Engineer: 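Quick one: this structure, given as structure tokens, is what I'll be asking you about.
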Amino acid sequence: MNIQDEEIEARLSAIVDSADDAIISNKFDGTITSWNNGAENIFRFSASEAINNHISIIVPQEFYEEQERIISQVRNGERIKHYETVRKTKDGNKIDISLIASPLRDSNTNVTGMSIIARDISVQKLLNEKQAVLSAIVNSSDDAIISKTLDGMIISWNPAAEKMFGFSESEAIGNNISIIIPPERLQEEQKILENIRKGLKTDHFRTVRIAKNKRKIKISLTVSPIKDQEGNIIGASKIARDISDQKLAEEKQATLAAIVSSSDDAIISKTLFGIITSWNQAANKMFGYTEAEVIGKHISIIIPPDRMDEETMIIENIRCGKKIKHFETVRIAKDGRKLNISLTVSPIRDKAGKIIGASKIARDITEKMQIEKQRLLYTEKLKQLNKYKDEFMAMASHELKTPLTIIKANLDIMDLKMQQDENLVFVQNTLKQVGKLNKLINDLLDISKIQAGKLELKLADFDMTDLLKEMIHNLQPTTEIKIHLKNTNDNLPAYGDRDRIGLVIINLLGNAIKYAPDSSEIKVGAIKSHDAIIVSIEDKGIGIPQEELANIFSRFYRVSGLTSTFAGSGIGLYIASEIISRHGGKIWAVSELTKGSTFYFSIPASTQNL
Ligand code: ADP
């Protein structure tokens with residue numbers, strides 16, 4: 001070896017010794033021939049321990065075969081590059097290495113052994129694994145995780161950010177973070193970046209961002225500085241959580257709290273052991289205890305001793321998940337006053353659905369109960385008064401009827417005897433008025449009978465057409481309006497009290513004449529439909545407002561505003577409807593204001609052919 005060669009060799013061995021990688025050579029039989037500092041550091045064997053030892057001292061048993069394969073490949077002149085495998089240290093610890101194995105040749109280029117350069121990649125591998133775990137976390141996070149440079153340029157954008165803001169990763173990366181910041185909030189971003197430059201973190205900052213589709217999103221933001229290996233701040237990582245739902249829940253919670261505190265009903269919650277856990281202002285007002293006085297106390301402070309059983313019953317129901325509705329009971333206020341209350345108690349469940357307590361809504365019904373008591377007293381009194389009135393009316397009508405009958409009989413005689421007398425007209429006028437009075441008294445008597453349930457019907461088969469003809473015949477002379485019986489069968493057998501049904505017809509015809517003063521015709525009809533005979537009386541009169549139709553069959557009811565124009569008492573239709581309903585029939589009217597009305601009634605058809 002000349003001086004030059006010696007110099008080169010010295011330099012090479014200096015390089016080999018200062019390398020971090022293990023540089024080893026061995027013969028093909030496995031004998032180690034050289035072992036640098038790097039190999040000492042990685043495999044923990046000193047050079048003197050390793051040299052002349054077999055290479056298998058650093059090969060775990062399960063890799064022997066692989067080692068043989070590498071040796072035979074190199075023996076064939078092959079070079080193996082960056083081959084990742086496992087070796088072991090002197091203390092038996094396995095380490096991940098990346099190796100390069102090359103043939104060693106003598107001056108005649110014959111392969112005489114092999115060199116191995118091995119790099120410990122355990123730390124690198126660990127880092128890689130850690131990196132993989134971190135990116136899996138970032139990728140699977142529900143929070144948007146974004147990193148950006150100090151100028152605001154986006155450098156990473158996870159799937160949650162895509163979902164939250166609508167920009168894909170490729171759209172976002174390289175863009176400025178301002179794409180998701182509402183213009184009016186750009187200053188906020190400046191402030192955050194200023195803090196980041198100072199190394200300060202921004203924690204759970206509530207703000208608003210905009211998505212690609214311009215939808216505003218309420219978020220909670222945590223921004224932290226990103227540092228390089230030397231600790232220089234090079235960017236910021238942002239974690240954004242969508243708190244729209246949370247905010248909604250908070251708003252709902254606030255609304256509920258406002259309702260509870262402004263309610264007029266006492267709203268109280270308690271545990272299943274009866275310990276009071278909440279107490280609203282109305283409870284304070286109703287029972288006289290402040291919230292501070294009762295929270296943590298047992299609910300029995302407002303329960304009268306003789307009603308303690310109730311509480312046991314209530315809690316038992318609540319434990320079974322049952323609600324108690326409008327339970328009327330008595331509670332006591334702080335000053336000893338007894339309160340009548342209506343109680344609604346419902347179970348309170350935790351998120352898992354387990355019953356953990358009860359909420360009570362108590363309404364003070366002391367006043368309501370007093371009003372109810374008075375109402376009952378009043379109704380009772382009214383009933384009594386009504387009874388007196390009915391009795392009086394019955395008596396008065398009856399007492400009036402006798403003298404009136406005598407007056408009428410006398411007038412009839414005078415009417416007969418005074419045919420040539422010029423005063424006959426007075427007698428006839430008086431007779432007319434007596435007729436009206438007679439009708440009114442009969443009506444009043446009928447009402448009394450109806451009220452007393454004594455309206456008796458003499459039921460029999462009769463011909464409706466016949467009855468209608470008779471009634472029209474009686475009434476026609478009293479009016480100019482032509483009363484027509486139209487399209488009616490000659491024979492319509494009905495079953496009922498002929499006189500009373502006659503009264504109903506007279507009433508309806510009388511009204512048709514009275515309430516249609518300017519018309520020229522009244523149409524009367526009757527048909528048989530299934531098992532009923534239906535009679536109709538149609539006028540072209542003033543009509544009845546729709547909203548009043550339901551009331552006209554009530555006692556003494558008259559359509560408003562009519563009293564001054566048409567005389568009447570509001571009794572006729574009431575009696576008619578009572579008579580019809582006693583027959584098991586129906587009475588109703590169809591009407592249009594100013595156009596006219598049609599009244600209908602139905603009674604059973606006779607089963608016989610008359
Ligand atoms: P009244 O003695 O007042 O006529 P009714 O009981 O016979 O008493 O009728 C009750 C009310 O129904 C009447 O006051 C009137 O307002 C209304 N009414 C009854 N029949 C007719 C009709 N044919 N046309 C218009 N309104 C009618």
Side-chain angles (χ1 to χ4, degrees), residues 204 206 220 241 243-377 379:
H204 307 301
R206 290 185 167 206
S220 159
R241 174 163 296 181
I243 52 166
S244 309
D245 286 349
Q246 188 187 333
K247 270 212 112 162
L248 264 180
E250 279 172 12
E251 278 163 18
K252 208 168 143 191
Q253 179 80 18
T255 314
L256 285 178
I259 293 172
V260 168
S261 76
S262 66
S263 159
D264 280 340
D265 294 338
I267 303 179
I268 302 166
S269 62
K270 59 182 181 186
T271 66
L272 286 180
F273 302 104
I275 302 297
I276 299 170
T277 47
S278 81
W279 185 263
N280 74 341
Q281 278 168 18
N284 185 343
K285 209 169 136 200
M286 200 177 289
F287 299 107
Y289 294 100
T290 65
E291 192 181 357
E293 279 175 309
V294 291
I295 297 259
K297 296 257 168 65
H298 195 267
I299 192 74
S300 56
I301 57 167
I302 57 163
I303 305 179
D306 55 328
R307 289 192 183 249
M308 281 306 174
D309 287 357
E310 270 177 16
E311 181 61 14
T312 321
M313 175 277 288
I314 290 173
I315 291 291
E316 259 168 30
N317 275 291
I318 291 298
R319 272 186 211 279
C320 304
K322 283 190 204 144
K323 194 173 169 176
I324 292 163
K325 276 191 195 163
H326 312 301
F327 173 62
E328 299 200 347
T329 179
V330 176
R331 292 292 176 260
I332 25 175
K334 192 178 176 186
D335 58 12
R337 246 177 334 116
K338 292 209 163 177
L339 307 171
N340 294 102
I341 61 165
S342 159
L343 214 57
T344 295
V345 193
S346 323
I348 303 176
R349 294 169 196 268
D350 64 10
K351 272 189 190 160
K354 197 174 137 216
I355 296 165
I356 51 165
S359 81
K360 258 179 133 115
I361 302 180
R363 176 163 294 179
D364 188 345
I365 51 165
T366 313
E367 207 176 316
K368 191 185 125 196
M369 279 184 74
Q370 271 163 4
I371 294 174
E372 180 63 13
K373 220 166 153 185
Q374 263 172 358
R375 199 185 64 82
L376 281 176
L377 271 174
T379 321

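Computed from a prediction, not measured in an experiment: that's the story for all the values here. Just the heavy atoms: all of them, side chains too, but no hydrogens, waters or symmetry mates, feed the values below.
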Engineer: Is any side-chain heavy atom of K360 less than 4.5 Å from a side-chain heavy atom of L343?
Structural biologist: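 The answer is yes; the side chains approach within 4.5 Å.
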Engineer: What do you reckon, is CD of Q281 surrounded by more than 12 foreign heavy atoms closer than 6.0 Å?
Structural biologist: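 Count not over threshold, so no.
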Engineer: Decide salt bridge (charged side-chain N to carboxylate O under 4.0 Å, His left out) for E250 and R206; before the verdict, give the C-alpha distance in whole Å, the side-chain angles of both, and the deciding distance to 0.1 Å.
Structural biologist: CA-CA 14 Å; E250 279 172 12; R206 290 185 167 206; 3.1 Å; yes
Engineer: Determine the minimum heavy-atom distance between I341 and A362, stating which atoms define it.
Structural biologist: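 Heavy-atom minimum between the residues: CD1-CB, 3.9 Å.
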Engineer: Would you say N280's side chain and D265's backbone share a donor-acceptor pair under 3.5 angstrom?
Structural biologist: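 Present.
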Engineer: Hey, does the side chain of T255 reach the backbone of E251 with a donor-acceptor pair shorter than 3.5 angstrom?
Structural biologist: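 Judged by distance alone, yes, a pair lies under 3.5 Å.
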Engineer: Quick one: CD1 on I276 to OG on S269, what's the gap to the nearest 0.5 Å?
Structural biologist: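 With rounding to 0.5 Å, CD1 (I276) is 9.0 Å from OG (S269).
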Engineer: Quick one: pull up CG in L376 and CD1 in I371 and give me the separation to the nearest 0.5 Å.
Structural biologist: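 Answer rounded to 0.5 Å: 12.0 Å.
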Engineer: In Å and rounded to the nearest 0.5 Å, what is the CD1 to CD1 distance from I267 to I361?
Structural biologist: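 So the gap between those two atoms works out to 5.0 Å.
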Engineer: Among H298, K297, E311, which one satisfies side chain to side chain contact (heavy atoms under 4.5 Å, CB included) with K270?
Structural biologist: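 Single side chain to side chain contact (heavy atoms under 4.5 Å, CB included) partner of K270 among H298, K297, E311: E311.
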Engineer: May I ask you to check whether over 12 heavy atoms, not counting those of M313, lie within 6.0 Å of atom CE?
Structural biologist: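 Count over threshold, so yes.
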Engineer: Do you know which two heavy atoms are closest between A266 and A283, and how far apart they sit?
Structural biologist: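 In this case the closest contact between A266 and A283 is CB-CA, 3.5 Å.
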Engineer: Determine, step by step, whether E293 and K334 satisfy the side-chain contact (heavy atoms from CB on, under 4.5 Å) criterion, reporting the C-alpha distance in whole Å, the side-chain angles of both residues, the deciding distance to 0.1 Å, and the verdict.
Structural biologist: CA-CA 11 Å; E293 279 175 309; K334 192 178 176 186; 2.6 Å; yes
Engineer: As an exercise, state the distance from SG of C320 to CD1 of I315, rounded to the nearest 0.5 Å.
Structural biologist: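 So the gap between those two atoms works out to 11.0 Å.
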Engineer: What's the verdict on side-chain contact (heavy atoms from CB on, under 4.5 Å) for H326 and T344, showing C-alpha distance, side-chain angles and the deciding distance?
Structural biologist: CA-CA 5 Å; H326 312 301; T344 295; 3.7 Å; yes
Engineer: Please determine whether side-chain contact (heavy atoms from CB on, under 4.5 Å) holds for the pair R331 and I303, giving the CA-CA distance in whole Å, both sets of side-chain angles, and the decisive distance to 0.1 Å.
Structural biologist: CA-CA 5 Å; R331 292 292 176 260; I303 305 179; 3.8 Å; yes
Engineer: Taking all heavy atoms of A333 and all of L339, pick out the closest pair and write down the distance.
Structural biologist: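 Shortest heavy-atom contact: CB-CD1, 4.3 Å.
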Engineer: Taking the side chain as C-beta and beyond, is there a heavy-atom pair between I268 and I299 under 4.5 Å?
Structural biologist: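 A side-chain contact exists here, since the closest heavy-atom pair is under 4.5 Å.
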Engineer: Is there a salt bridge (charged side-chain N to carboxylate O under 4.0 Å, His left out) between E372 and R375? Walk through the geometry before answering.
Structural biologist: CA-CA 5 Å; E372 180 63 13; R375 199 185 64 82; 3.3 Å; yes
Engineer: Walk me through whether T366 and R337 qualify under side-chain contact (heavy atoms from CB on, under 4.5 Å).
Structural biologist: CA-CA 11 Å; T366 313; R337 246 177 334 116; over 6 Å; no
Engineer: Would you call the rings of F287 and W279 parallel, tilted or perpendicular, where under 30° means parallel and over 60° means perpendicular?
Structural biologist: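 The arrangement is tilted - the two ring planes meet at 30° to 60°.
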Engineer: Between K323 and P347, which heavy-atom pair has the shortest distance, and what is it?
Structural biologist: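 Smallest heavy-atom distance, with atoms named: CA-CD, 4.5 Å.
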Engineer: Are more than 12 heavy atoms, taken from residues, nucleotides or ligands other than D306, located less than 6.0 Å from that residue's CG atom?
Structural biologist: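 Enclosed: over 12 neighbouring heavy atoms sit under 6.0 Å from CG of D306.
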Engineer: Tell me if a side-chain donor or acceptor on S342 pairs with a main-chain N or O of E328 at a distance below 3.5 Å.
Structural biologist: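 No, the answer is negative, given that no donor and acceptor are paired below the 3.5 Å cut-off.
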Engineer: Can you measure from CD1 (I356) to NZ (K351) and round to the nearest 0.5 angstrom?
Structural biologist: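 The distance works out to 11.5 Å.
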Engineer: What pair of heavy atoms forms the shortest contact from A282 to S263, and how long is it?
Structural biologist: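 Between these two residues, the closest heavy atoms are CB-O, 3.2 Å.
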Engineer: Let me confirm one number: the CG-CG distance from D264 to D364, rounded to the nearest 0.5 Å.
Structural biologist: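 CG of D364 is found 10.5 Å from CG of D264.
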